[in-house]
There are 2 protein chains.
Amino acid sequence: MSVHEHSHERDELTRNQGLVLDTLDDAKGPLSAYSILDRLRGEGFRAPLQVYRALDKLMEFGLVHRLESLNAFVACRQDECGAHGTIAFAICEKCGMVAEFTNDEVAHLLEDWARSEKFELAKTTIELRGLCEACTA
Amino acid sequence: MSVHEHSHERDELTRNQGLVLDTLDDAKGPLSAYSILDRLRGEGFRAPLQVYRALDKLMEFGLVHRLESLNAFVACRQDECGAHGTIAFAICEKCGMVAEFTNDEVAHLLEDWARSEKFELAKTTIELRGLCEACTA
DNA sequence: TGCCATACGTTATAGCATAACACAATTGAT
DNA sequence: ATCAATTGTGTTATGCTATAACGTATGGCA
């Protein structure tokens with residue numbers, strides 16, 4: 001039983017979207033679009049656009065996130081995917097682990113800044129790079 | 001008189017580093033490495049690595065920042081460049097304007113999270129995407 | 001049934017970044 | 001002054017990331 005049964009039901013996804021989401025769900029860490037492509041060649045994928053188009057939709061649904069500092073993608077690991085405006089990531093530069101977390105206080109502070117500057121906020125990216133607990137030892 | 005007279009003196013930079021920094025200083029907004037390259041062909045630049053190597057050093061000195069969500073670079077506009085651990089950016093998706101700001105409270109909250117998770121924080125990326133005041137009108 | 005919106009498949013191309021190698025300039029200790 | 005180590009440079013080649021532009025297929029719905 002996957003994490004993604006709730007917000008968008010599995011069967012609302014197209015075949016390509018489902019395959020891409022499964023691939024990300026199965027992966028231990030983030031994947032680049034091209035490595036998703038390679039893992040799906042057996043399913044008939046042949047071109048990057050098949051992956052990118054599915055990813056665009058999955059991100060729109062809030063089921064997948066893009067890690068900007070990595071040019072890679074992860075399946076959302078949170079309950080209530082897509083319910084959160086702002087999600088932060090901690091990325092281990094040694095083992096590739098990605099932790100996903102929310103912090104409403106941070107989100108509000110940034111929203112306050114935006115409001116004070118009359119900046120119409122569409123999306124917030126927060127990415128922490130460093131070493132996870134296991135890798136510092 | 002440039003913003004960059006203080007932390008690293010201009011003459012501590014190599015010719016290539018100085019040219020790249022000047023280009024970014026003169027630019028209104030962020031530039032990709034390749035557009036920096038094109039602007040410096042007249043100065044003898046011929047290959048991307050000449051730009052990337054200079055950028056790496058300038059980022060190390062804190063004189064230039066990389067915008068992860070744009071794959072582009074900006075000259076630091078703050079006083080005391082490089083003195084700040086965490087800088088946030090607001091990027092207008094219409095006009096390309098970039099505002100650079102710091103918020104110690106946000107930085108501390110993220111540091112607190114890292115500490116509580118025993119995550120050894122090396123670098124924090126915060127990027128706000130949206131529309132600037134001028135472009136919402 | 002016919003229309004419209006969305007998804008799909010394919011080819012080609014554009015844009016971003018680094019590997020690997022050779023050479024030059026600088027520093028700095030002996 | 002010399003040698004060695006480090007840092008910066010120039011160059012070629014290559015790899016990774018992303019999208020444009022075209023046409024076809026599919027599904028919902030008036």
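Computed from heavy atoms alone, side chains included, the values below leave out hydrogens, waters and symmetry copies. Quick note on labels: first sequence line is chain A, next is B, and so on, each numbered from 1.
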Rounded off to whole Å, could you give me the CG-to-C1' distance for the B/Asp56 and D/dT9 pair?
14 Å
Residue B/Leu49, side-chain atoms from C-beta onward, closest of D/dT11, D/dG10, C/dC16:
D/dT11
Whether the side chain of B/Glu43 engages the backbone of B/Leu40 through a donor-acceptor N/O pair (distance < 3.5 Å, no angle test) should be reported.
no
To the nearest angstrom, how far is A/Leu13 atom CG from C/dA7 atom P?
10 Å
Tell me, yes or no, whether the heavy-atom count around B/Lys94 atom NZ, taken from other residues, nucleotides or ligands under 6.0 Å, exceeds 12.
no
Looking at D/dT9, I'd like to know if its phosphate oxygens (OP1 or OP2) sit under 4.0 Å from a side-chain N or O belonging to B/Thr14.
yes
Distance in angstrom units between A/Ile36 CD1 and D/dA18 P, rounded
10 Å
Could you state the atom-to-atom distance from CD of B/Gln50 to P of C/dT18 in whole Å?
16 Å
Regarding A/Arg46, tell me which of base, sugar-phosphate or nothing describes its non-hydrogen contacts under 4.0 Å with the strands shown.
sugar-phosphate
Heavy-atom count check: over 12 atoms from other residues, nucleotides or ligands less than 6.0 Å from B/Glu60 CD?
yes
Atom-to-atom span, CG of A/Leu37 to P of D/dT17 - whole angstrom:
11 Å
Of all the choices, D/dA18, C/dA19, C/dC16, which nucleotide is nearest to the side chain of A/Tyr52 once you look at every atom?
D/dA18
A/Ser35 or B/Ala54: which one's nearest nucleotide on DNA chain D is closer to the 5' end?
B/Ala54
Comparing A/Pro48 and B/Ala47 on DNA chain D - which has the more 5′ nearest nucleotide
B/Ala47
Answer yes or no: side-chain N or O of B/Arg15 and base N or O of D/dG8 forming a donor-acceptor pair under 3.5 Å.
no
Can you tell me how far C1' of D/dT9 sits from CG of B/Leu55, to the nearest Å?
15 Å
State, without any angle test, whether A/Ser69 and A/Glu127 hold a side-chain donor-acceptor pair at a distance under 3.5 Å.
yes
Under 4.0 Å between a side-chain N/O of A/Arg66 and OP1 or OP2 of D/dT17, yes or no?
no
Might you work through the salt bridge (charged side-chain N to carboxylate O under 4.0 Å, His left out) test for B/Asp56 and B/Arg53, ending with a clear yes or no?
CA-CA 5 Å; B/Asp56 284 344; B/Arg53 291 203 273 229; over 6 Å; no
Proximity of A/His65 and A/Phe89 rings by center, below 6.0 Å:
yes
Pick the closest DNA chain C nucleotide for B/Leu70 and for B/Arg53 by heavy atoms, then say which residue is nearer the 5' end.
B/Leu70
How bent is the helix from C/dT1-D/dA30 to C/dT30-D/dA1, measuring the angle between the end axes built from five pairs each, rounded to 10°?
30°
Rounded to whole Å, the CE-P distance (A/Met59 to D/dA18) equals 9 Å
Within a reach of under 6.0 Å around NZ of B/Lys118, are more than 12 heavy atoms found that belong to other residues, nucleotides or ligands?
no
Using atom CD of B/Glu60 as one end and atom P of D/dT7 as the other, report the distance to the nearest whole Å.
10 Å
Take A/Arg129 and A/Glu93 through the salt bridge (charged side-chain N to carboxylate O under 4.0 Å, His left out) test and state the conclusion after the steps.
CA-CA 7 Å; A/Arg129 305 289 297 261; A/Glu93 300 190 313; 3.2 Å; yes
If we require ring centres under 5.5 Å and near-parallel planes under 30°, does B/Tyr34 stack on C/dC16?
yes
A/Asn71 side-chain N/O to D/dC16 phosphate OP1/OP2 under 4.0 Å
no
